[in-house]
**Student:** 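So that we are looking at the same thing, I have put the structure below in structure tokens.
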Amino acid sequence: MKINKMIDRGIVISFWVILTICFMSVSSWAAGPVRVSVNTTEPQRLSMVMGKSIIIETKDPVRRVSLAAPEIAEAVVLTPRQIYLTGRKPGTTNLTLWDAANRVSSVVDIEVYPDIGGLKEKIYQMFPQETNISVTASPYAVNLTGTVTSSSNLAQVMGLAQAYAPRDKDGKSQINNFLEVGGVQQVMLEVRVSEMSRTNMKRLGVNFNYLGANGTNFGISRLNSLTSSDIVNSNPTDPINLIFRFLGGGATWTVFIDALKENGLTKVLAEPTLITLSGQTATFLAGGEYPIPVPQSSGGTTPTITIEYKQFGVSLSFTPTVLSSNKISMKVNPEVSELDLSNGITLSGYFIPGLTTRRVSTVIELADGQSFAIAGLLQDNVREVVDKYPVLGDIPILGALFRSSSFKKSETELIVIVTPHLVKPIDMAKQTLPTDQYIEPNDFEFYLLGLLEGKGDEKNPPLERSVGLEGDFGHIKP
């Protein structure tokens, strides 16, 4: 008896378990697709997500169903009053229903949107700090609005959205990007360009000329063609520091000596400061321009000369890109150039000087306020030139009278230090200018007392000032 009761109890429990499972399965299946009732008296607009399904329920039995674009959505009739609708691809179409009397009972405009639920989830998982991004969808595009914290995150979000956005006929993802990069997007660049150049030049040359009474002329260099009147009345084109002349027996001996020792020191220091937006290029030039004649063909015998200008001096161009609130990528192109008259040329009667240029181009990433230096731009030039008379110039000691020697050494070092800053606009009402504290003197103060600044009204003194315009000035202090 006990065994039979236990068997009966087990059968009852199993029955209730099976019944519960069946009930849960039916409930779960019934709660799957969304059920929508169609109003037969007013037109309806239905929005659905690609890959999702909706069950449409009608009041009256449906005899026939038609979709204008079957590639957009798919309709399956379950019962005379239920239609199973599935979105296949983003787009728009309409669903037409006919009743038992073969009359149009309802027309439903259907919009199928891309599934952006997965995109929202991926953005939240990969960029938890980006809480201001809003993702919406239209039948033909994915819309991104809000703000992001950096340009790099913006590019990554755009790349992620391409996998979920619908594509046009050319296969291009349709994304409407309305995102803005938050934070400061203005970059101030402080640049210090320092150049030190040292030159050492030594020159020694000897030229002599013998002019006899009978017109005999003997000498070296360009003095060979000089006559006695030329020596007295004209200046030779060669540099001359000392002249010796001996007369005797109707002959004239003239010795020209060119001796020079020169040391030079050049210092170039520029501290330009530029401000520009992220992604935009800013330029700076501290120097000038010199004209260059350019012959142009005019169809006649004489060419037309036009003038073009070439820049020289300390120039700078840089393009910053704000990657995040504490990282800046920069492309920097500093350049230092100066006129070089020794390497000039003459064209169509115009002398055109040469140009000595030192140019640097680099791309680097820095945090706000960090600096980097471009150094090692060293240049060491040594130039030695010896002009001598054949055979005679090779004689030891005595050969110095028959040759000219020139020695020139140049050393140049260039250093560029760059510091970027993220900057915000300032309140001009709280800033002071060097001229704010200046008071124009009256006639008594200027002519009799010799003051360049007035003392102001004793009853209404000006703003607090220390020394006026005397001393160091040129920088605005907060």
Side-chain angles (χ1 to χ4, degrees), residues 32-36 38-39 42-56 58 62 64-78 82-98 104-127 130-182 185 278-280 319 321 323:
V34 178
R35 295 176 180 268
V36 178
V38 175
N39 190 345
E42 297 180 1
Q44 289 195 9
R45 183 178 297 273
L46 181 62
S47 299
M48 57 187 307
V49 179
M50 181 185 66
K52 304 296 182 180
S53 299
I54 294 177
I55 295 179
I56 298 178
T58 62
V62 176
R64 186 156 56 96
V65 177
S66 175
L67 276 172
E71 69 277 5
I72 302 297
E74 180 182 6
V76 177
V77 179
L78 299 178
Q82 289 185 345
I83 301 171
Y84 191 79
L85 190 64
T86 304
R88 302 184 62 181
K89 61 180 294 186
T92 58
T93 184
N94 54 26
L95 175 67
T96 306
L97 305 178
W98 285 267
V104 176
S105 61
S106 181
V107 176
V108 182
D109 295 330
I110 300 175
E111 294 181 344
V112 180
Y113 293 90
D115 186 5
I116 59 175
L119 176 58
K120 292 181 179 180
E121 183 179 358
K122 289 296 183 181
I123 293 178
Y124 177 76
Q125 292 176 354
M126 298 178 62
F127 309 98
E130 301 293 352
T131 58
N132 296 323
I133 299 178
S134 177
V135 182
T136 59
S138 63
Y140 299 99
V142 171
N143 306 314
L144 300 176
T145 57
T147 58
V148 292
T149 57
S150 66
S151 300
S152 59
N153 286 357
L154 173 61
Q156 294 174 5
V157 170
M158 287 292 295
L160 186 61
Q162 291 180 358
Y164 294 86
R167 301 182 182 275
D168 58 10
K169 60 181 181 179
D170 298 329
K172 184 178 179 181
S173 300
Q174 299 300 301
I175 303 175
N176 295 325
N177 179 22
F178 302 105
L179 290 173
E180 296 181 356
V181 180
Q185 296 299 307
S278 175
Q280 301 296 321
T319 305
T321 301
L323 301 179

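Keep in mind that what you see is a predicted model, and the values were worked out from it rather than measured. Sequential numbering from 1 along the given sequence is applied to the chain's residues.
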**Student:** Supply the atom-to-atom distance T145 OG1 to I133 CD1, rounded to the nearest 0.5 angstrom.
**Tutor:**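 Answer rounded to 0.5 Å: 9.5 Å.
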**Student:** With rounding to the nearest 0.5 Å, note down the distance linking CE in M48 to CD1 in I54.
**Tutor:**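 So the CE of M48 and the CD1 of I54 are separated by 4.5 Å.
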**Student:** Identify the two heavy atoms, one from R88 and one from E71, that lie closest to each other, and give their separation to 0.1 Å.
**Tutor:**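 Residues R88 and E71, closest heavy atoms: CB-O, 3.5 Å.
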**Student:** What is the minimum heavy-atom distance between T93 and A69, and which atoms define it?
**Tutor:**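 Taking every non-hydrogen atom into account, OG1-N, 2.9 Å.
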**Student:** Considering the options I56, V108, L78, which one meets the side chain to side chain contact (heavy atoms under 4.5 Å, CB included) requirement together with I83?
**Tutor:**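 For I83, the side chain to side chain contact (heavy atoms under 4.5 Å, CB included) test succeeds with only one of I56, V108, L78, which is I56.
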**Student:** Less than 4.5 Å apart, side chain to side chain, heavy atoms only: is that true for L97 and V65?
**Tutor:**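 Yes, at least one pair of side-chain atoms sits under 4.5 Å.
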**Student:** List the atom of T147, the atom of E130, and the distance in Å for their closest heavy-atom pair.
**Tutor:**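 Looks like O-OE1, 3.9 Å.
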**Student:** Let me confirm one number: the OG1-CD1 distance from T86 to I72, rounded to the nearest 0.5 Å.
**Tutor:**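 Those atoms lie 13.5 Å apart.
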**Student:** Heavy-atom distance under 4.5 Å between the side chains of S66 and N94, does that happen here?
**Tutor:**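 A side-chain contact is absent here, since even the closest heavy-atom pair is not under 4.5 Å.
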**Student:** Starting from the C-alpha separation in whole Å, work towards a yes-or-no answer on side-chain contact (heavy atoms from CB on, under 4.5 Å) for K89 and V112.
**Tutor:** CA-CA 7 Å; K89 61 180 294 186; V112 180; over 6 Å; no
**Student:** Indicate the atoms forming the closest heavy-atom contact of V142 with P114, along with that distance.
**Tutor:**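 Looking at all heavy atoms of both residues, the shortest contact is CG2-CG, 4.1 Å.
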**Student:** Which distance, rounded to the nearest 0.5 Å, do you find between the CD of E74 and the CG of L85?
**Tutor:**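 Atom-to-atom, E74:CD and L85:CG are 9.0 Å apart.
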**Student:** According to salt bridge (Lys or Arg N to Asp or Glu O under 4.0 Å), who are the partners of E111, at least two apart in sequence or on a separate chain?
**Tutor:**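 Listed in chain order: R45.
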**Student:** To the nearest 0.5 Å, what is the distance between NZ (K172) and CZ (R167)?
**Tutor:**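 Going from the NZ atom of K172 to the CZ atom of R167 covers 11.5 Å.
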**Student:** Looking only at atom types and distance, does a side-chain atom of Q125 sit under 3.5 Å from a main-chain N or O of I123, one as donor and one as acceptor?
**Tutor:**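 Checked: no pair found.
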**Student:** Look at the side chain of D168 and the backbone N and O of D170, then say whether any donor-acceptor pair between them is shorter than 3.5 Å.
**Tutor:**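 Checking the backbone N and O of D170 against the side chain of D168, a donor-acceptor pair under 3.5 Å is found.
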**Student:** Shortest non-hydrogen contact from S278 to T321?
**Tutor:**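 Here S278 and T321 meet closest at OG-CA, 3.5 Å.
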**Student:** Who pairs with N176 by side-chain contact (heavy atoms from CB on, under 4.5 Å), at least two apart in sequence or on another chain?
**Tutor:**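 N176: side-chain contact (heavy atoms from CB on, under 4.5 Å) contacts with A141, N143, F178.
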**Student:** To the nearest 0.5 angstrom, please state how far the CD atom of E121 sits from the OH atom of Y164.
**Tutor:**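 Answer rounded to 0.5 Å: 8.0 Å.
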**Student:** In the structure I gave you, are the side-chain heavy atoms of V62 and V77 within less than 4.5 Å of one another anywhere?
**Tutor:**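 With C-beta onward as the side chain, the pair stays apart.
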**Student:** Side chains of T136 and Y113: any donor to acceptor distance under 3.5 Å?
**Tutor:**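 No, no side-chain donor-acceptor contact under 3.5 Å.
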**Student:** How close do N177 and L179 get, heavy atom to heavy atom, and via which atoms?
**Tutor:**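 Closest approach of N177 to L179: OD1-N, 3.1 Å.
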**Student:** So with a 6.0 Å cut-off around CD of E180, is the heavy-atom count from everything else above 12?
**Tutor:**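 No, CD of E180 has 12 or fewer neighbouring heavy atoms, counting only those of other groups under 6.0 Å.
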